[in-house]
**Q** 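Submitted below is the structure of interest, expressed as structure tokens.
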Amino acid sequence: MEGDSLSCVKYLMFIFNFFIFLGGSFLLGLGLWVIIDPTGFREIIAANPLMFMGAYLLLAMGAMLFLLGFLGCCGAIRENKCLLLFFFMFILVIFLAELSAAILAFLFRENLTRDFFTKDLKRHYQGNNSTDVFTSTWNSVMMTFECCGVNGPEDFIGALHFKADVMNTVPEACCGKSFLQKDGEIIGRAECMMGIEINRQGCYSTILNSMEPYVYIAGALAIGVLAVELFAMIFAMCLFRGIQ
């Protein structure tokens, strides 16, 4: 490969690896946010093995892309054949792993449906039990997003906890913020607990609507990262073969 062409490939590879570095930084930050999120989503994720594995897989992929982007930039600038070969093999493995993760997410998408979360809520929710991680997390989510249940208050009809408590049909967390005093006591508690004055919007739709703009951005970025990885592998091989 001629000097000018080699120099062009070298700098193109540096640019592509810089984008991989940025993509890895984004995925790493997103994975950390999901795991340490103060609103309590980490507890819901921890209760779902598939989502728990996905969150840590996202974190691991971000960390690897972050490292690979850095190494790729160094390998391109230094023109080191050993480093370039290592970079190519490593990024190929990650590329295939990301494709596998996307296929698995598509195949197991039914585990993220309304019915799945509704069954989980009816089975494990324990009302105002603050010592239960699953219950306290759901209470935090419902109060934060001003929603009730997965689909609405009707989710608690037939729930194991409320079968034994005929006087109350919904948890206190479903009461609107307008019914709370400064000291946290509920105004009109009886009406709320009987399901008269409550938030009627389900959390599933509320959270999806809140995150919808970010989901499209994340999806577009993920596709972009895969495309950049593919081009980076091509440039790595071209640079590898061009170095004397």
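Position 1 is the first residue of the sequence; numbering continues from there.
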**Q** State yes or no: do Y11 and L71 share one hydrophobic cluster built from I, L, V, M, F, W and Y residues joined by side-chain heavy-atom distances below 4.5 Å, directly or via other members?
**A** no
**Q** Report the distance from atom CG of L121 to atom OG1 of T135, rounding to the nearest 0.5 Å.
**A** 8.5 Å
**Q** Have N139 and Y125 got a donor and an acceptor in their side chains that come within less than 3.5 Å?
**A** yes
**Q** Report yes if some heavy atom in the side chain of L230 is under 4.5 Å from a heavy atom in the side chain of F235; otherwise report no.
**A** no
**Q** Tell me whether F95 at atom CZ has more than 12 heavy atoms from other residues, nucleotides or ligands lying less than 6.0 Å away.
**A** yes
**Q** Supply the atom-to-atom distance M64 CE to L67 CG, rounded to the nearest 0.5 angstrom.
**A** 9.5 Å
**Q** Can you tell me how far the CZ atom of F87 sits from the CG atom of L83, to the nearest 0.5 Å?
**A** 9.0 Å
**Q** Could you tell me how the ring of H124 sits relative to the ring of F134: parallel (under 30°), tilted (30 to 60°) or perpendicular (over 60°)?
**A** perpendicular
**Q** Would a single hydrophobic cluster contain both L99 and L92, if residues Ile, Leu, Val, Met, Phe, Trp and Tyr are joined by side-chain heavy-atom contacts under 4.5 Å?
**A** yes
**Q** If you look only at distance, which donor and acceptor atoms sit under 3.5 Å apart when one is on a side chain in residues 17-31 and the other is two or more places apart or in another chain?
**A**
| residue | atom | partner | partner atom | Å |
| --- | --- | --- | --- | --- |
| N17 | ND2 | M13 | O | 2.8 |
| S25 | OG | F21 | O | 2.9 |

**Q** Look at the side-chain heavy atoms of Ile, Leu, Val, Met, Phe, Trp and Tyr, link any pair under 4.5 Å apart, and say whether V93 and L68 land in one connected group.
**A** no
**Q** Hey, could you give me the SG/CE distance between C238 and M233, rounded to the nearest 0.5 Å?
**A** 12.5 Å
**Q** Using a 4.5 Å cut-off on heavy atoms from C-beta on, say whether the side chain of T118 contacts that of Y204.
**A** no
**Q** Find out if a path of hydrophobic residues (ILVMFWY) with successive side-chain heavy-atom gaps under 4.5 Å connects F66 to I77.
**A** no
**Q** With a 2.5 Å cut-off on the SG atoms, do C203 and C147 make it?
**A** yes
**Q** So if you build clusters from Ile, Leu, Val, Met, Phe, Trp, Tyr with side-chain heavy-atom gaps below 4.5 Å, do L226 and I15 land together?
**A** yes
**Q** Using 0.5 Å steps for rounding, measure from the CZ atom of R114 to the NZ atom of K119.
**A** 15.0 Å
**Q** Mark yes or no for whether N209, through its side chain, and S205, through its backbone, hold a donor-acceptor pair below 3.5 Å.
**A** yes
**Q** Within the structure provided, determine whether Q201 and C148 are in side-chain contact (heavy-atom separation under 4.5 Å).
**A** no
**Q** Step through it carefully: locate the ring centre of F86, locate the ring centre of F90, and say whether they are under 6.0 Å apart.
**A** yes
**Q** When you measure from the side chain of S100 to the backbone of L96, do you find a donor-acceptor pair of N or O atoms at a distance under 3.5 Å?
**A** yes
**Q** Would you name the heavy atoms of M142 and G149 that are closest together and state the gap between them?
**A** SD-N, 3.3 Å
**Q** To the closest 0.5 Å, what do you measure between NZ (K10) and CG (L84)?
**A** 11.0 Å
